[in-house]
Amino acid sequence: MAKVMAVNAGSSSLKYKLYEMPEEKVLCSGNVERIGHEDGIFGIKFGSENIKITQPILDHSRGVELVLEALIKYGIIKSLDEIECVGHRVVQGGKYFSKSAEFDQHNADLIESMTPLDPLHAPAHITGWKAFKAALPEVPAIAVFDTSFHQTMEPEDYLYPIPYEMSEKYDCRRYGAHGTSHNYLANLAIEHYFGGKAEGSRILSCHIGSGASLCAIRDGKCVATTMGLTPLGGVMMGTRTGDLDPSVMDYLCTCTGKDVHEMYDIFNKKSGLLGVSGISNDTRDVEEAAEKGNKRAILTSKLFARRVADFIGQYYVRLGGIDLIIFSAGIGENSAYFRKAILEDVQEALGLKIDYELNAKVRGREEILSTPDSKIKVVVIPTDEEVMIARDCYKRITNGAI
Ligand code: AMP
């Protein structure tokens, strides 16, 4: 038995989950929010407890101290020595990481060097790593990358049709994201629906949450994914545009007088469900307004579904057919309304037969939505990115490497 910590450090937050491995038992989880503020929020959940304490949390180091103190204070562990590995989620692994890696100074430098590719997360990952390293200097740390699952893509799938020298010189290409989630979903689907045999399986994984991406998976490996150089690409999302004609940037800058950075911010934070509906980035609000007849909300839902449906069609061709479609993440797991809107857009072409009455009842649990006569099986599977981090931590402890 070993205890490992899965960590997701953001710019002002730090999510954590302590596991007992190899049982994959969650001992506690929590979130430190509003780091850098006098009214920071420390949160921890264990057993039936759900504790939130507002207090000054001026930096990540203080956040980590609070987490470790709480583990002892609430009797979750007796000594910090029980933690054998800390696994950090890292959004961008660029061309360097095709699997999880030791989070040491050398790799920290590589991650930091990719800050231009991920200015939002890379500095936060480094800060989180440093804070844990200071508190637990003897404990090995690993980095688990959102991009590594996508490193099996072929150049035809990851290159952009820009001057080749620019792709090469600036490493400007599709990296994808949500890879840890797509990998988890593919592994579970292969166990549950392909008798554990990856070979020959053709899976389309739809991770649709506030960030959304689709991944075409053959033989258990990624062949194509919708997110691009950054998570801005691909399908429409909560606040992100997804793919656009690049001239939209130039045209709107000219029209509005805004510069590229301001417009980029709008494409990332004020577009998608929020931008089109003018209501919210949350499907629950958009859905409620659509059901009351709000025309913009109805249009938003249709646009969202169409963008996903278009990629499903594209990946049907890319995979040479699909055996299984997975819906996952906040929207995919919980929104019957959006699942239906997407499935209705593709069902005729793909020969899908869906039990929509069942669909209406499925929320946050694994379930087969298609009927036995459907040409493609359609399932909902809740994702679990943290357990993938915990599994790699356990591998690191037992093998000494990943
Ligand atoms: P995620 O980023 O995977 O946590 O997904 C968060 C998003 O999922 C929210 O912004 C909502 O749009 C959507 N969502 C979460 N719960 C529900 C629910 N019960 N019904 C509909 N949509 C939901």
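Ligands are counted one by one from 1 in listed order, and the atoms in each one are counted from 1 as well.
- Atom 9 (C) of ligand 1 has its closest protein heavy atom at Asp282 OD2, 3.8 Å.
- Between Glu82 and Lys78, none of the side-chain N atoms (NZ, or NE/NH1/NH2) sits under 4.0 Å from a carboxylate O, so this pair counts as no salt bridge.
- Using a 4.0 Å cut-off between charged nitrogen and carboxylate oxygen, Glu287 and Arg284 do not count as a salt-bridge pair.
- Looking from atom 20 (N) of ligand 1 to the surrounding protein, the closest heavy atom is Arg284 CG, 3.5 Å.
- Distance from atom 18 (C) of ligand 1 to its nearest protein heavy atom, with residue and atom name: Asn334 CB, 3.3 Å.
- Comment: Lys258 does not engage Asp265 in a salt bridge, judged by the lack of any side-chain N to carboxylate O separation of less than 4.0 angstrom.
- A salt bridge does not link Glu191 with Lys197: none of the charged nitrogens is closer than 4.0 Å to a carboxylate oxygen.
- Near Gly209, meaning under 4.0 Å from any of its heavy atoms, are these atoms of ligand 1: 1 (P), 2 (O), 3 (O), 5 (O).
- Those atoms of ligand 1 that come under 4.0 Å of a heavy atom in Ser210, given as number and element, are 1 (P), 2 (O), 5 (O), 6 (C), 7 (C).
- Ranking protein heavy atoms by distance to atom 22 (N) of ligand 1, first place goes to Thr283 OG1, 2.8 Å.
- Contacts of Lys377 classified as side-chain contact (heavy atoms from CB on, under 4.5 Å), with partners at least two apart in sequence or in another chain: Tyr193, Leu324, Ile368, Ser370, Val379.
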For residues 221-243, please give each side-chain donor-acceptor pair under 3.5 Å, one per line with the distance, not counting sequence neighbours.
unit_1: Thr225; atom_1: OG1; unit_2: Leu214; atom_2: O; d: 2.8
unit_1: Thr226; atom_1: OG1; unit_2: Leu214; atom_2: N; d: 2.9
unit_1: Thr230; atom_1: OG1; unit_2: Leu232; atom_2: N; d: 3.2
unit_1: Thr239; atom_1: OG1; unit_2: Asn268; atom_2: O; d: 2.8
unit_1: Arg240; atom_1: NH1; unit_2: Pro231; atom_2: O; d: 3.3
unit_1: Asp243; atom_1: OD1; unit_2: Gly234; atom_2: N; d: 2.6

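- Looking at Arg396 and Glu84, no side-chain N of the basic residue comes within less than 4.0 Å of a carboxylate O on the acidic one, giving no salt bridge.
- Among the atoms of Ser335, none of the N or O lies under 3.5 angstrom from an N or O of ligand 1.
- Polar contact check, Gly330 against ligand 1: a nitrogen or oxygen pair lies under 3.5 Å apart.
- Within a 4.0 Å radius of atom 14 (N) of ligand 1, the protein contributes at least one heavy atom.
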